[in-house]
Amino acid sequence: ENTLHAAAQQSGRYFGTAIAAQKLGDSTYTSIANREFGMITAENEMKIDALQPNQGQFNFSNGDRVYNWAVQNGKRVRGHTLAWHSQQPEWMRNLRGSSLRQAMINHINGVMAHYKGKIYAWDVVNEAFADGNSGGRRDSNLQQTGNDWIEVAFRTARAADPAAKLCYNDYNIDNWNWAKTQAVYNMVRDFKQRGVPIDCVGLQSHFNSNSPYNSNYRTTIQSFAALGVDVQITELDIQGGSATTYANVVNDCLAVSRCTGITVWGVRDSDSWLGASATALLFDGNGNKKAAYNSVLNAL
Ligand code: XIL
């Protein structure tokens, strides 16, 4: 096979990218994205501030632009993201307590109703755990509504769209030895034991010098999968763009049958949220394939 998604499909997996609505008029961008990827995540357009800018008033215009581009080109869509401390609209940032809890539930219901039956997997909750060694939750207005906010989000999501896979998504949960990884693992184990609906764990996998790829990544993927959830690599980028590291990531996913797909967080280096100088993606600023691209394609 000579494209990323076609190569991934040989083992029943997908290969995806994040897409930004404002770039859909860039034909270099769309032709690469259309050719190489089979799973699309809206980079910002399905976040809370984008979809519910005013309380009770949903705006799906940009989310739908990304969704429609994907589906019209034969691709599936990951939904990102329903409950998160970041990119909240101002009205939500100012809410606390039971009114925030209810607003979270209303948001999940409103968004999932609009996209009902159309989304492969939703990142129901994003980045709820703290960095560092505490193994605890991140402090946020959502966390302050009570420790059960995450399971309430998942139960709400299951009822709203039973067809969507429901994922917990986070960064710095790639290294099996890190406290944050263990904390998320313990939550997923607890959810599975108590019957809280969860289908997948998203490893964002933003690798850089502070959180480098470690060969125990495969152990992390295997360990989550052994709990009975799928694992998806949801936002892959590697600062410096090491072809070897990209191949390691692909090989680690392929080694675990429940690692169902890989999404890179942008198309060209110039599209990366890290800036072009991070050279973190698979295509250069001109849209040419990098060494990392060939390395990924060969590994798939
Ligand atoms: C980033 C986007 O790429 C940027 O355009 C935006 O300014 C900030 O958010 N973890 C996530 C993603 O879950 O939503 C973030 O995306 C990158 C880190």
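Indexing begins at 1, ligand by ligand and atom by atom, following the structure's order.
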Peer 1: A cation-pi test, strictly: NZ or CZ of Lys180 under 6.0 Å from the centre of the six-membered ring of Tyr171 and no more than 45 degrees from its axis. Yes or no?
Peer 2: yes

Peer 1: Set out, in order, the CA-CA distance, both residues' side-chain angles and the distance that settles salt bridge (Lys or Arg N to Asp or Glu O under 4.0 Å) for Arg218 and Asp174, then state yes or no.
Peer 2: CA-CA 9 Å; Arg218 188 177 297 198; Asp174 316 292; over 6 Å; no

Peer 1: Quick one: does any side-chain atom of Arg268 pair with a main-chain N or O of Leu281 as donor and acceptor, under 3.5 Å?
Peer 2: no

Peer 1: Take the angle between the ring planes of Tyr67 and Tyr115 and call it parallel below 30°, perpendicular above 60°, tilted in between.
Peer 2: tilted

Peer 1: Under 4.0 Å from a heavy atom of Lys47: which atoms of ligand 1 are those, numbered in the order shown and with their elements?
Peer 2: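 Once the distances to Lys47 are compared, the set is 1 (C), 2 (C), 9 (O), 12 (C), 14 (O), 15 (C), 16 (O).
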
Peer 1: As an exercise, identify every atom of ligand 1 less than 4.0 angstrom from a heavy atom of Glu127.
Peer 2: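 Close to Glu127: 10 (N), 11 (C), 13 (O), 18 (C).
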
Peer 1: Pick one of side chain, backbone, both or neither for how Tyr171 approaches ligand 1, counting any non-hydrogen atom pair under 4.0 Å.
Peer 2: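 For Tyr171, there is no contact with ligand 1 at all, from either part.
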
Peer 1: Considering only heavy atoms of Glu43, which atoms of ligand 1 have at least one such atom less than 4.0 Å away?
Peer 2: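 Going through ligand 1 atom by atom, the ones under 4.0 Å from Glu43 are 2 (C), 3 (O), 4 (C), 5 (O).
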
Peer 1: How far is atom 13 (O) of ligand 1 from its nearest protein heavy atom, and which residue and atom is that?
Peer 2: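 Nearest neighbour among protein heavy atoms for atom 13 (O) of ligand 1, to 0.1 Å: Glu235 OE2, 2.8 Å.
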
Peer 1: Less than 4.0 Å is my threshold; does some heavy atom of Trp84 fall inside it relative to ligand 1?
Peer 2: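 In this structure, Trp84 qualifies as a contact of ligand 1 - some heavy atom is under 4.0 Å.
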
Peer 1: Short list, please: which atoms of ligand 1 are under 4.0 Å from a heavy atom of His80?
Peer 2: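 Reading through ligand 1 atom by atom, the close ones are 11 (C), 12 (C), 13 (O), 14 (O).
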
Peer 1: Which of the atoms in ligand 1, numbered in the order shown and given with their element, are less than 4.0 Å from a heavy-atom of Gln204?
Peer 2: 10 (N), 11 (C), 13 (O), 18 (C)

Peer 1: I need the nearest protein heavy-atom contact for atom 6 (C) of ligand 1: residue, atom name and distance, please.
Peer 2: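 The closest one turns out to be Asn44 OD1, 3.3 Å.
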
Peer 1: How about Trp176 and Tyr185: are their ring centroids closer than 6.0 Å?
Peer 2: yes

Peer 1: Within ligand 1, which atoms have a heavy atom of Gln87 less than 4.0 Å away?
Peer 2: 8 (C), 9 (O)

Peer 1: Quick test of your reading of the model: are Asp199 and Arg158 salt-bridged, counting only N-O distances below 4.0 Å?
Peer 2: yes

Peer 1: Less than 4.5 Å apart, side chain to side chain, heavy atoms only: is that true for His5 and Lys75?
Peer 2: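 Result no, sub-4.5 Å side-chain heavy-atom pair not found.
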
Peer 1: When rounded to the nearest 0.5 angstrom, what distance separates OG in Ser215 from CG in Asn248?
Peer 2: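 That separation rounds to 8.5 Å.
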
Peer 1: For ligand 1, note which part of Asp123 has a heavy atom under 4.0 Å away: side chain, backbone, both or neither.
Peer 2: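 Neither part.
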
